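Keep in mind it's a predicted model, so treat the numbers as computed, not measured. Computed over heavy atoms, backbone and side chain alike; hydrogens, waters and symmetry mates excluded.
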Amino acid sequence: MTAMRQSIARRLLPMLWSFSCAAAPQTVTILTDNGYPPYSYEAAGQARGIYNDILRAASSRLRGYRIELHPVPWKRGLAELEAGRALALSPPYYRPGERPFMRPYSLPMLREKVVVYCRVPVMTQPRPAWPNDYLGLRFGNNAGFRPGGNAFWALVDLGRIELEEAPDVRTNLLKLIRGHLDCYQNDKLAIDMELAKLQRQGLYRDGQLTEAATVSEEQGYVGFTDRDDGRFPYKQDFIRELNQALAGMKRDGTVDRIVGRVLDAARGQSASASF
């Protein structure tokens, strides 16, 4: 009888939680990357960037929930999810094999294009084949991220491509501009916007770097912990609500408009993009 009661309670708990949320919205904290502009970063203690704007817009569409965004260093966010202390982290790529503690994922929020930028002298030799034509070069990488594909990382593991990690796009680009790196791979929009900022600050000149290769396309998600042991009883209901909101925002063009504002600001060379 006790086992039966526990089984019934487990089934009813999400439903009861949903009913209670109708009276008082449940605040749901999502950890966000604090060092990945223009997509997700911290400014004046606030979560800024495209993904955070998407999540704020989604929050206004949720029934019974309110999203609170908390920017943290990426590796700390991963550790919090792995320990089951945090419910969700934005915006991981889909890596279930590398992060078995992270499941499920939300619907994808946005598609990103990953490209390689190199110093111009490095590209005097044609390098059409990725990644085999880049052997012996030194790459920069954002700590906690693994872009480039399995073949690239196999070459890194073999020592045939050198790798140096830094916390963010700006630091890696400055190392590249100053000749401490040969190439750097990351999201194209993130690189182009940061280069525009560095150029306005007199730290970069046209012709120092060139776009060398398109590596892949990735999509950003909200990833959820599966190690919370029931700490977040509203989890499944919240995921359903969030996915419905994200699907609606894609259908009605809200996501495209959010990205468009950022692109317009970049083209206008504004001193700071206001998200």
Side-chain angles (χ1 to χ4, degrees), residues 30-42 47-52 54-55 69-82 86 88-103 105-106 108-118 130-131 134 137-158 161-177 180-195 209 211-225 262:
I30 297 178
L31 303 183
T32 68
D33 187 356
N34 73 348
Y36 187 39
Y39 289 100
S40 183
Y41 62 99
E42 183 176 359
R48 303 294 186 191
I50 295 172
Y51 283 116
N52 296 317
I54 290 172
L55 288 172
L69 304 174
H70 181 56
V72 296
W74 183 247
K75 285 190 172 181
R76 177 183 162 194
L78 291 173
E80 290 293 302
L81 250 67
E82 187 170 13
L89 176 66
S90 170
Y93 299 149
Y94 188 70
R95 299 287 189 272
E98 297 172 15
R99 299 165 183 157
F101 56 87
M102 187 183 292
R103 61 180 181 183
Y105 291 75
S106 71
M109 293 185 284
L110 192 69
R111 185 178 298 275
E112 306 174 22
K113 180 180 177 183
V114 177
V115 299
V116 176
Y117 272 68
C118 297
W130 172 263
Y134 293 79
L137 300 183
R138 180 177 299 167
F139 272 72
N141 187 61
N142 282 27
F145 286 85
R146 289 176 65 88
N150 292 336
F152 172 81
W153 288 95
L155 293 171
V156 171
D157 291 340
L158 291 171
I161 290 177
E162 295 184 53
L163 191 77
E164 291 187 11
E165 293 199 326
D168 52 38
V169 178
R170 180 183 179 87
T171 304
N172 272 304
L173 285 175
L174 285 173
K175 290 171 70 176
L176 183 60
I177 292 165
H180 302 305
L181 301 171
D182 296 311
C183 300
Y184 170 57
Q185 58 175 327
N186 207 327
D187 172 77
K188 177 174 171 56
L189 179 59
I191 291 175
D192 287 348
M193 290 188 67
E194 192 61 41
L195 285 177
L209 306 179
E211 185 177 334
T214 297
V215 175
S216 65
E217 291 187 348
E218 297 279 7
Q219 296 187 97
Y221 299 77
V222 178
F224 295 85
T225 183
V262 178

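- Qualifying ring pair (Phe, Tyr, Trp, His ring centres under 6.0 Å) partners for Phe224, counting only residues two or more places apart in sequence or in other chains: none.
- Residues that satisfy the side chain to side chain donor-acceptor pair (under 3.5 Å) test with Arg76, not counting sequence neighbours, are absent from this structure.
- Evaluation of the side chain to side chain donor-acceptor pair (under 3.5 Å) rule for Thr171 yields Asp168 as partners, not counting sequence neighbours.
- Within the structure, salt bridge (Lys or Arg N to Asp or Glu O under 4.0 Å) pairs that include any residue of residues 183-194 comprise Arg170-Glu194, Lys188-Asp192, Lys188-Glu211 (at least two apart or interchain).
- Taking Trp130 as the reference, Tyr134, Phe139, Phe152 meet the ring pair (Phe, Tyr, Trp, His ring centres under 6.0 Å) condition, with sequence neighbours excluded.
- Residues satisfying the side-chain contact (heavy atoms from CB on, under 4.5 Å) test with Ala143, not counting sequence neighbours, are Lys75, Glu165.
- The salt bridge (Lys or Arg N to Asp or Glu O under 4.0 Å) check on Glu164 picks up Arg138, Lys175, with sequence neighbours excluded.
- Considering Leu209, Val116, Asn142, Val115 as possible partners of Tyr184, the one that fulfils the side chain to side chain contact (heavy atoms under 4.5 Å, CB included) test is Asn142.
- Listed by chain and number, the residues in a side-chain contact (heavy atoms from CB on, under 4.5 Å) with Pro147 are Val114, Asn141, Phe145, Trp153, Gln185 (sequence neighbours excluded).
- Within 6.0 Å of the CG atom in Asp157, the count of heavy atoms belonging to other residues, nucleotides or ligands exceeds 12.
- Residues passing the salt bridge (Lys or Arg N to Asp or Glu O under 4.0 Å) test with Glu218 are Arg95, sequence neighbours excluded.
- Counting heavy atoms from C-beta on, the side chains of Trp74 and Leu89 come closer than 4.5 Å.
- Sorted by first and then second residue, the salt bridge (Lys or Arg N to Asp or Glu O under 4.0 Å) pairs with a member in residues 141-154 read Glu98-Arg146; sequence neighbours excluded.
- Residues passing the ring pair (Phe, Tyr, Trp, His ring centres under 6.0 Å) test with Tyr105, sequence neighbours excluded: Tyr94, Tyr221.
- The side chain to side chain donor-acceptor pair (under 3.5 Å) search around Glu42 returns none, not counting sequence neighbours.
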